Each structure stands twice: as structure tokens, then as C-alpha cells.
Chemist: 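Before we start, here is the structure in question, set down as C-alpha cells.
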Amino acid sequence: MARPLPLLLLALGLAAAAKSPYQQVLQHSRLRGRQHGPNVCAVQKLIGTNRKYFTNCKQWYQRKICGKSTVISYECCPGYEKVPGEKGCPAALPLSNIYETLGVVGSATTQLYSDRSNLRPEIEGPGSFTIFAPSNEAWASLSAETLDSLVSNVNIELLNALRYHMVDKRVLTDDLKHGTTLNSMYQNLPIQIHHYPNGIVTVNCARLLKADHHATNGVVHVIDKVIATTTNTIQQIIETEDSLETLRTAVAASDLSSLLESEGQYTLLAPTNEAFEKIPRETLNRILGDPEALRDLLNHHILKSAMCAEAIIAGLTMETLEGTTLDVGCSGEELTLNGKPIIANKDVLATNGVVHFVNELLIPDSAKTVFELAQESEVSKSTDLFRQAGLSSHLTGSERVTLLAPVNNVFKDGLPIIDSNMRNLLLNHIVKDQLSSKYLYHGQKLQTLGDKELRVFVYRNNLCIENACIAAHDKRGRFGTLFSVDKMLTPPTGSVMDVLKADHRFSTLVAAIQSAGLTENLNRPGTFTVFAPTNEAFRAMPQGELNKLMGNAKELANILKFHVADEILVSGAVNALVRLKSMQGDKLEVSMKNNVIHINKEPVAESDIMATNGVIYAVNSVLQPQASRPQERGDEPADPALEIFKQASALSKVSQRNPRLAPVYSRILARMKESSGTL
């Protein structure tokens, strides 16, 4: 029973040692400032502004915040001050009450208003308080109207405002947990705390500037804004804002109202009326009339956690309720979404999160048609082709399809002319059913709107449908999916023999296949890769050798089988080197050099001629198996010993040039010749 105590103490010790993100960043700033003396912190200041940040490791090396350049300055860390004539900040600030501490830490205006509002006796007297004190600059940034309303009358508004900045207990940064609330000293109204992984701490979305200034009766944290009470939920903000009228209608139609008025911590990127007006009326009506698309649209505008603008000092990827992600970033003073500065009004605080008004609608892929997906992708030229062919209706309605769209680079020389054959080919780029590439499997058959059957080939480095390989991640729309592919599809039109017979370039090969008795093999169902010698390849052979080959059916069959592998390999699967076993038994080496396929180091004239039972590559040479290649000397077998000796050319040349080695070299050569003569 005595054993668990040391483990408990160890666990408590580890928990105590774990620092909050704020403390970790502060510690890094201390490390960067230590060369300037004790208790010096490195601070990054945005050029042209008064905004300062303690620095983390990434920011230190990038020297940027929100994409803007910073300069490094060195200041006393919180709680310390300089001593004349000494290096760094060796002295701790004098410990005094909260009222006196306010004047020391850069919040003299808060101190002044505490005096004016009669708060001074309370924060000078005994007790344990925490005050989130607006900086002098924070008070100065208030409009004259707002400031006048606070300090007029009998200062009761000012007193209430200051007491809303206070908590009746000592709360340090390690106690400021992300997503928690503290009850203020004004009617116990909540103060929202967010403590982000990057070390930023916000209080009702005001950033903590200098924290943990101890006082005899509490602690002072300096913040960059004067915070105001909030009593509205996100839903209530939507209902009361005139600029969110269209959003209000959309939320009501999607049954999201209950979520947006429930407890939680969300970020709503609220599209304004202007944002909705920018969308084509046809698109907007389609989404508003489709409950599933509408719900996806709205969920795409809701982040799973509250994200205050002050916490964003670099790009972040945030997850939405829809399950998608948005890139939330900043550029100077502006917040950005997916790289665009479209946030019009930020940090409208609610009891269950924060609202940022956006002036562009963020339509997720799941609410788009396939045609819309394609128009916004690297396949936009394909959409022009399908539109010209009169096939847009298949890509804009509720038909479940998958579009195999060639990337724009395929059409760098211009779009093909639309005729009946091209229209039929394009129909075969539209697959029945909405697919996901991650669920495709090798050998799967896909049916097209053109009534063709397409095969799926799964390779180590690629996923291909017939000769076209997928070039980018899927885009899944409301009813259809977009596959970007690297070339136009060429659906098979017949067996290997059918294709060879129909192409005049292979007439000699067809005759050879028939002579060797291989016609039936290449007509039957299978998975062949055929490296087909053209007529030109046969003409390049010496006439005597060609006649001899054609007159020997067994040898001819052997040579032809060396040109056939019993698996389908399309060009998109060839990266550096792929080895195939031929039907003759020897290996074939397929490689890619300068974007040209090579077979056994011979360039291929044409790739990916698709057949129902395989794929054909046109080659302008007849490939020779290792055993059939001509010897260096045609009148006698090669002598292994002599061959080895010949390969040592470098050694032989050195030996013959050296007077001491020449006799030895001659004797070895003579002995090898004698040995070969007696074998």
C-alpha cells in the first residue's frame, strides 16, 4: 500500500513542471535575451506599429508576424526592472498593491480611471484580485463617444466597466485554461479565456501583453483592448444584425439555430448579405433549395473552436463542422481565409464563441456540381470541351457520376474539334456512379455513359484508368466526383490481335504471329503488354537474318514471346525502371528517360495503345532475348577465360607499357591460349 505514494508525487512533480504555452514562449524569449543580462526578454515588434510579441522559435528565425517584417528589441521580462549602471534587469519590481502596480506596468490610464470611479480603495485594500488592465494605448483607441459614455454621469458606468475587468481571486497565466470562463466582479458576468498553442492568451479576444505582475493583493495582467460584456449567443447576433439577413434565412432553413444558441465555443465566419449577392443566382438558388448542400455550406463556415483574431500570427489550418479545413491566416492587420483578405469585421464576441463577418461565401466542394469543381481546378479547359459537346447537363444536375477530366496541359496545342467521334469519346470520360479513388481496386470495371467498360490499374506509384492516370486528389461534389487525369482516355476497341490487324504499321508482325501460331493466344482474354515491332523494325534487320527467323517457326515464336508480358503496364506506371517477365521467360526492362518510354534501352515509338486484353507499345526495333543475341565472333564460341581477360583492358594496357610487367603479361596470355586449346 506504500508504493503508490512515490508515483503520485512523481506525477504531481511532472504536472507542476509542465509549462503553459505562454510560459514556454516567455522562456524562449528569455533564452534569446540572456546575452543582454539577467531577466531580459527578446521581443519582436511589427515595423511601423506598436505591436509587440514575445518570440517563439519559429518566429525568431522567420522574423515575421502576419507576413510582415519585425525588429528585435530587448526589454525587461515581466516583473523586473533595470538598475542604473548594471547589465540587464537585475531587480524585481517593488511589490505593492494593485493600484500602485498599475502605474508601474504601463496601465496608468487604468490607474487614473480607478481613482476617478472610486475603485481605488478596493484595489489598494486587502483581498485577492486579478485585474485584466487595458494598456494606455487601449484606452486611447476608444472612440470619443464610447469614452464619454463611460466617464460621464456619476462614473457608475466606468466603475462597472472596470469591475468587469476583475476577478475576485488571484489567477496566473498557468490557470488561464483554453476555453474556460471566469466570473467577473460585475454581476458575475463571464469573461472568456483562450490560451492558444502558440502562446497567445486572450481575454474576451483582447490579447494579454504583459502577464503575471504580482501585487500584495492580487495580480495584474495588461491587455490590448478595453473589453465589454457580452450576453448574446451566436444565434442572437445573427438575428439582430441587419447585414446577416440572408444568413438568418439560411440558418433557419437548415435547422442549425439550436446549435448556434447552445453552449460551446465556436467560430462563425458569417457571410454578409453582400457575400450572398456575389454568387450567381442560379447557384445560390440550387444550394438554398437543397437541404444537404445548404447544411454543408453553413457547416463549412463554422470552426470547431473559438478563434480570436489576435491569436492568429501565422497561417493555421482549422477544421470546420463539415469536416473540411480552412486556412486561416493574416496579412498585417487583416485576417485572411484561404489566402484572401475577406474578413470585414472581426471578433464579435458571443457567449458561445466568436463571430467574424466575411464578405465572400465559402462554398465547400460538397455543395458544388462537378462542372463547378472542374471550372475551379486545373482541368478548366476540359469543361469548355464538355460544354461544347453539349454534355454539361450530366455535370450540373443530380446525376451520380465521376468525371475523368484531362488536365489543362493536355490541351496546350488547343482543344480538339467536336464531332460525333469526339463526343462519344467524351461520354466515355463520364463514369456512372459517384466514386472515390481510394476505394478503387486493381481489375475493377467501370461503366461509362458511352456504354464502354474501363479497367482500373493499381500500381505502386500510380492509379490509372485505362491509359489515363490520376494526376490530383479527388474533388467530391454534391452528386459527382472529379478525377483529374494526365491524358485523354483511349478506351479499348478490340483484342490485341484486332488492334494490330487494324494498324497498317504492324502488318509484318501480324503475319509473323500467324506464322508462329500465336494468334489464338493474343485473341483470348488476358492481361498482356505487347512491345510490337513495326514494319520498320523488321526492315531494319539484315535480310538473311530476317529470312532465317521467318523460316523457323519455333525460333520465331520464341522471339515474339519475348515481346509479350503477361501483365498490363501502362506508361503512367513507369517511373525509373520496371522489370517484366516475358512469356519467353527472360526479363524485359521498361524505363522512362526524358519523358520517353524505353524497352531494353530502345525508345518506344508510341505508348498506351489500349486493347481489351492488354496494352500495346509500338517499337521500331526487334528485341532480342539474351540467348539469341549475336556473339562477338560468329565463327566460334566465346572463350570465357579470354572474355574475362579482354575485360581487363585497363590492366593489360598498364602491363604492356611497364617493362617489368610485359614478360609476365605475355606468359599469362600464352598459358590461357594453351588451356583453351586443350579444352
Side-chain angles (χ1 to χ4, degrees), residues 20-22 130 132 164-165 167 171 173-184 186-208 211 221 223-225 227-241 244 247 251 254-271 295-330 335 337 343 345-358 362 364:
S20 67
Y22 172 85
T130 296
F132 298 103
Y164 182 64
H165 288 73
V167 177
V171 182
T173 49
D174 283 345
D175 303 314
L176 298 175
K177 305 299 183 183
H178 186 68
T180 58
T181 59
L182 299 172
N183 290 329
S184 75
Y186 174 60
Q187 297 182 0
N188 281 331
L189 289 176
I191 301 172
Q192 293 185 24
I193 304 297
H194 292 97
H195 196 147
Y196 297 96
N198 60 7
I200 300 290
V201 179
T202 62
V203 181
N204 280 16
C205 285
R207 179 167 66 94
L208 224 63
H221 304 292
I223 58 177
D224 71 345
K225 292 184 183 72
I227 61 174
T229 60
T230 179
T231 56
N232 288 334
T233 64
I234 292 176
Q235 178 61 29
Q236 288 169 328
I237 291 173
I238 294 173
E239 290 172 354
T240 55
E241 278 288 338
L244 302 180
L247 175 62
V251 168
S254 66
D255 294 327
L256 276 176
S257 303
S258 57
L259 172 74
L260 296 178
E261 61 188 7
S262 65
E263 290 186 5
Q265 286 294 303
Y266 304 107
T267 299
L268 173 64
L269 305 168
R295 191 172 186 87
D296 284 350
L297 172 73
L298 295 176
N299 282 338
H300 189 61
H301 287 76
I302 304 172
L303 305 182
K304 286 186 172 181
S305 60
M307 179 56 65
C308 295
E310 285 294 338
I312 301 169
I313 55 177
L316 297 169
T317 299
M318 303 290 294
E319 188 176 358
T320 70
L321 282 188
E322 194 224 351
T324 53
T325 57
L326 291 172
D327 293 328
V328 183
C330 52
L335 282 187
L337 286 173
I343 295 182
N345 186 18
K346 57 191 179 184
D347 288 346
V348 178
L349 202 65
T351 57
N352 56 346
V354 62
V355 180
H356 305 296
F357 291 34
V358 296
L362 306 170

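Given the structure is predicted, the values throughout are model-derived calculations rather than measurements.
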Chemist: Indicate yes or no: at least one non-hydrogen side-chain atom of Lys177 is less than 4.5 angstrom from one of Ile193.
Modeler: no
Chemist: For a 4.5 angstrom cut-off between non-hydrogen side-chain atoms, does Leu208 reach Val203?
Modeler: yes
Chemist: So, taking the atom named CZ in Arg295 and the one named NE2 in His300, what distance separates them when rounded to the nearest 0.5 Å?
Modeler: 15.5 Å
Chemist: Would you say the side chain of Leu268 lies within less than 4.5 Å of the side chain of Ile238, judging by non-hydrogen atoms?
Modeler: yes
Chemist: Using 0.5 Å steps for rounding, measure from the CG atom of Leu349 to the OG1 atom of Thr230.
Modeler: 5.0 Å
Chemist: Starting at CG of Leu337, measure out to CD1 of Ile343 and round the result to the nearest 0.5 Å.
Modeler: 4.0 Å
Chemist: Side chains of Leu247 and Glu241: closer than 4.5 Å at any heavy-atom pair?
Modeler: no
Chemist: Listed by chain and number, what are the salt bridge (charged side-chain N to carboxylate O under 4.0 Å, His left out) partners of Arg207, not counting sequence neighbours?
Modeler: Glu310
Chemist: For residues 259-266, which side-chain N or O atoms pair as donor and acceptor with protein atoms under 3.5 Å away, sequence neighbours left out?
Modeler:
from: Ser262; atom 1: OG; to: Leu259; atom 2: O; distance (Å): 2.6
from: Gln265; atom 1: OE1; to: His194; atom 2: NE2; distance (Å): 2.9

Chemist: Can you find a heavy atom in the side chain of His356 that is under 4.5 Å from one in the side chain of Val354?
Modeler: yes
Chemist: Taking atom types as modelled and ignoring hydrogens, do the side chains of Thr233 and Asn352 form a donor-acceptor contact shorter than 3.5 angstrom?
Modeler: no
Chemist: Taking the side chain as every heavy atom from C-beta outward, state whether Leu182 and Pro190 have any pair of such atoms under 4.5 Å apart.
Modeler: no
Chemist: Please round to the nearest 0.5 Å and tell me the distance separating atom CD1 of Ile227 and atom CD1 of Ile191.
Modeler: 5.0 Å
Chemist: Given the rule in the ring-ring contact (aromatic ring centres under 6.0 Å, His included) test, do Phe132 and His221 qualify, once you have shown the distances and angles that lead to the verdict?
Modeler: CA-CA 5 Å; Phe132 298 103; His221 304 292; 5.4 Å; yes
